[in-house]
Amino acid sequence: MNDLYDDALVALAKAKDGAGRLDAPDGTASVDNPLCGDRVTIDVTLDGARVDGFAQKARGCILTQAAAGMIARHAHGLDAGDIEALRARVRDFLSSAGDGADWPEMALFEPVRTVRSRHDCVLIAFDALLEATRKARDERA
Amino acid sequence: MNDLYDDALVALAKAKDGAGRLDAPDGTASVDNPLCGDRVTIDVTLDGARVDGFAQKARGCILTQAAAGMIARHAHGLDAGDIEALRARVRDFLSSAGDGADWPEMALFEPVRTVRSRHDCVLIAFDALLEATRKARDERA
Amino acid sequence: MKAIRAEFPIFDAQGSPFHYLDNAATSQLCAPAAHALHAFETTARANVKRGVHKLADAATVAFDDARATMAAFVGAASPEEVIFTSGTTMSINMAARCLTPRLREGDEILLSELEHHSDIVPWQMAAQARGARVRAIPVTSDGRLDLEALPDLVGPRTRIVAVTHLSNVSGAVSDLSVIRAAAPEAIMLVDGAQRAAHGPIDVRAIGCDLYALSSHKMFGPTGAGMLWGRMDLLESLPPFLGGGEMIREVRIDGTRYADPPHRFEAGTPPIGAVLGMAAAARWLQSRDRRVLHDHEMRLTGRILDGLATLPGIRLVGPQGLQGRAGIVAFEVEDVHAHDVCQMLDGNGVALRGGHHCAQPLMRALGLVATARASLAPYNDDDDIDALIEGVGKVIERLR
Amino acid sequence: MKAIRAEFPIFDAQGSPFHYLDNAATSQLCAPAAHALHAFETTARANVKRGVHKLADAATVAFDDARATMAAFVGAASPEEVIFTSGTTMSINMAARCLTPRLREGDEILLSELEHHSDIVPWQMAAQARGARVRAIPVTSDGRLDLEALPDLVGPRTRIVAVTHLSNVSGAVSDLSVIRAAAPEAIMLVDGAQRAAHGPIDVRAIGCDLYALSSHKMFGPTGAGMLWGRMDLLESLPPFLGGGEMIREVRIDGTRYADPPHRFEAGTPPIGAVLGMAAAARWLQSRDRRVLHDHEMRLTGRILDGLATLPGIRLVGPQGLQGRAGIVAFEVEDVHAHDVCQMLDGNGVALRGGHHCAQPLMRALGLVATARASLAPYNDDDDIDALIEGVGKVIERLR
Ligand SMILES: Cc1ncc(COP(=O)(O)O)c(C=O)c1O
Ligand SMILES: Cc1ncc(COP(=O)(O)O)c(C=O)c1O
């Protein structure tokens, strides 16, 4: 059927890396997808300016869950600037330019390029991470 | 050019039968054509329930002027009921059914049938006559 | 029904597989509507209402004819009761704004939890402007209006009742006669956006005061719709939009308005789309509606039966064929509606997924998003086969 | 210009004589717009914004592209500043309603006597709702804005200025920079309904805050238009219409709204007409606007010169070519405008007669109705010959 749902992508979503909530996050953010009412919530703790602890709760489609799971695997050590740059690269990747994030899972999202209405499903997880990290940083400042 | 403007129709309009105002009308009515801002004003005096004195002021196109002039020639002796019936017959005549009023000038309006946007130009003179006659009647009652 | 498919140009254009089951979002355009729209726009275009030249006169005549057609389509008493708009949303907003001055503090507007956002938000705005209160008829667990709650919801302050004729999510047909009888004094608007394609409309039999529909959901072009209103009500309402064609006289210091329907039609109307909508209405009326209905019910039955054989499906709406139309929303346990739709798309099946602009209904039923299949006369058994097979695969792969 | 004529399907369809000089009422549809409209409606139709299947995704992409096209067409800072509407009248009503809450008693809205009713009535409604006052820049005897009156008309209470870019009657082009400079604090809306077909638009150079136009007057389909607004202004405005697509979250007891432009686009938009409008804008931008302008000015000069040779003609508008476009209204002494137009129609010449939805202007100039010839790029010398010859005959026969 639709090649959007490569087995590896489905597996990434089902793996639910980082799923759950942190007990004492430094920052938390929830982002909705107004298209469908989906919601990603991300908790982080920081070490200095960089992400240390991470948890995600993705109520949404395979794409949203897979994106949140991918982020869980790689968020450690990023600061808000890194995340902002990353988000921009992923957005460009989806609009068919550039390589996106430097992560092996990124390739699984290539078929999403052709479906503009689903780009946000991927991006909201990055939005939530960025917002949570900024909040944590500002909280400390 | 356009056969709407038969010389006889233009002559009827230019003749301006009944043009002017009455000094002491029993009833007066002005009707506008919202399409173009034209206005027909008709004054009548009654003898019993029937039109006796008549005057018309038609600020408008050839069709409106010709209709007002035609009415001036035949209004004498009509009562409100006659006029209402006449108005309905002229409306039907314009929508391509029936013979219209029993007046020789009626034939001049035949080409108007094909131009629905101009029907009102003819009808507002009848509307003004009807309203003026009704007012005069009600005034007396 | 093969013959009907041939009257919809898209099927030739799209080839196969093309199982279009997203008709509740927008239906496909029938050939007569395409022709009316295209012919007007490319061979006969002129503005209506004020022109004297041949083309303008012909356009005005065609526009008036379209009004008469739409009046007949909904069973109006006269063409002047038909106001052309850009769609249902515009029609309901117009109604709500024109009625707003009548509301007083503490008055009530009765909606339902089944309503589309377009039949909720305009009334919230009206209520807010006047300190009125919005109440809602609840839904039953199978997506019908819970009319037993009506007596508690209708009272002396109920000024307006605005309800859907046919739910765009559950497919339930509202029992409008019960609602009309429960609130005889209220002004009653019916949202007919979905009904227009699924069954005949008779506003006088319903006894409602206002009725709204959209061209694009009844096989006409996008960009047109109508608001029907009882003439005595329309005559008593102020205008909504200001502009050309709706006036009798304009001065810088004030304006006198025209009679209905012109009072409510400011500016150049969507002429081409209106002519197309009327052509679509004529097309619908030329069909045997009984045959269309039976076909729809048969396919709906096949969808319900087919889904019932699959594990983990939750139906949103009446389980049987009674009191429903061919709009079927469902949830696949543990699979997001967008994934369902996206995978089905790979099978050539076009569904809609999401909240369907009916968040209060979703909330009432404890749902976030559902997939929805919605039928039109051109759908056939192949479409249903592809749907059921596709949902089966989704369950296998993603659940 | 023969080549341009070939790009407008109506000329083939109508044969000859067909001298269409009623472009200010509605222009004819260009082939690319006809194609975009027809292709969407008959081969690719789907609803936008919420769909996941291929057709819906493609429609959404096309709709977004149209937004970018229209943003470029008016020189907007971003596509999100473009709100799609059903036409200029709707655009101005939206602006007026959204700005209404900002008005306080005694505030002033400055219009002009040149305005079309669509740029008067909505502001009267806004003023009336809030106890504000409508004032108007007067016109000179040759149908231009009398900008010398500006200093007396603008004051600290002038909150809104709404003026036409190009008069649909006199053909005069407004000197917007003088108006902008005279009221730097006011929110400035420009009615670009006529401008869109007659010259480039650069909202940032004008320095206005809102700009309205209609598709059908710029060679696109009927039923679409746009309102451009500066993003920071749009962000500060409440929604106008309520419905689908303009919300973030709807509950029965209240609603959160989406960001611009979606906040202002309730319900299914006129998708086909919007795609057609964008195609028309691209068509216009692909032409050499200089060449179009020179052609229009040459033909306008011929009309002015031709009418000047005839007895009893009163021109409504600038006598020369300076500061005007190819819209020429005139009166034939002692002959009603409708008779002028009707007789010309017999010559195959389509004009408009009446008050042109500009009664305040008519009143200011002491007129009841005028005949109007208005040009488009496809008009040619034959059209002008037929016009002048026809007016000559009218004078002979009816005066
Ligand atoms: C200057 C001007 N403004 C506004 C309008 C209204 O445009 P529409 O009828 O497309 O809404 C017109 C159209 O006649 C116009 O000429
Ligand atoms: C029940 C119902 N009401 C109103 C609407 C709004 O119609 P439109 O988007 O054509 O304005 C819809 C369309 O989705 C609907 O299904």
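Chain letters run A, B, ... following the sequence lines, proteins first, then strands; residues in each count from 1.
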First locate atom [atom1] of [X], then atom [atom2] of [Y], and finally report the distance between them rounded to the nearest 0.5 Å.
X: Arg45(C); Y: Ile10(D); atom1: CZ; atom2: CD1; result: 8.5 Å
X: His53(D); Y: Asp22(C); atom1: NE2; atom2: CG; result: 3.5 Å
X: Leu37(C); Y: Thr222(D); atom1: CG; atom2: OG1; result: 7.5 Å
X: Arg97(D); Y: Phe240(C); atom1: CZ; atom2: CZ; result: 5.5 Å
X: Asp345(C); Y: Leu55(D); atom1: CG; atom2: CG; result: 9.0 Å

Contact class of [X] relative to chain D, heavy atoms under 4.5 angstrom:
X: Ser91(C); result: neither
X: Asp253(C); result: backbone
X: Ile120(C); result: side chain
X: Ser214(C); result: neither
X: Arg363(C); result: side chain

Sort out for me which of [options] touches chain D most, counting heavy-atom pairs under 4.5 Å.
options: Pro122(C), Ala273(C), Ser215(C); value: Pro122(C)
options: His216(C), Arg135(C), His356(C), His116(C); value: His216(C)
options: Glu249(C), Glu113(C), Lys217(C), Met90(C); value: Glu249(C)
options: Pro270(C), Ser86(C), Pro269(C); value: Pro270(C)
options: Phe11(C), Phe8(C), Tyr20(C); value: Tyr20(C)
options: Ala358(C), Ala337(C), Gly254(C), Gly276(C); value: Gly254(C)

Considering only heavy atoms and a distance below 4.5 Å, find which of [options] pairs most often with chain C.
options: Gly353(D), Gly223(D), Gly243(D); answer: Gly243(D)
options: Gln28(D), Gln128(D), Glu41(D); answer: Glu41(D)
options: Val250(D), Thr26(D), Leu111(D); answer: Val250(D)
options: Thr268(D), Val134(D), Ile92(D); answer: Thr268(D)
options: Cys341(D), Gly272(D), Gly354(D), Pro221(D); answer: Pro221(D)
options: Ala34(D), Ala350(D), Gly87(D); answer: Ala350(D)

Q | Parallel, tilted or perpendicular: ring planes of His38(C) versus His38(D), cut at 30 and 60 degrees | A | tilted

Sort [X] into side chain, backbone, both or neither according to what part of it lies under 4.5 angstrom from a heavy atom of chain C.
X: Met246(D); answer: side chain
X: Asp119(D); answer: neither
X: Thr85(D); answer: neither
X: Tyr257(D); answer: side chain
X: Leu241(D); answer: both

Donor-acceptor pair, side chain of [X] and main chain of [Y], under 3.5 angstrom:
X: Asn47(D); Y: Ala25(C); value: yes
X: Gln14(D); Y: Thr43(C); value: yes
X: Gln124(D); Y: Ile252(C); value: yes

Q) If you look at every heavy atom in Cys357(C) and Gly244(D), which pair is closest and at what distance? A) SG-CA, 3.9 Å

Q. What closest approach, in Å, do Val121(C) and Gly242(D) show between heavy atoms, and which atom pair accounts for it?
A. CG1-CA, 3.6 Å

Q: Just do the side chain to side chain contact (heavy atoms under 4.5 Å, CB included) check on Ile247(D) and Gln359(C) with the steps written out, would you?
A: CA-CA 10 Å; Ile247(D) 56 99; Gln359(C) 288 181 347; 4.1 Å; yes

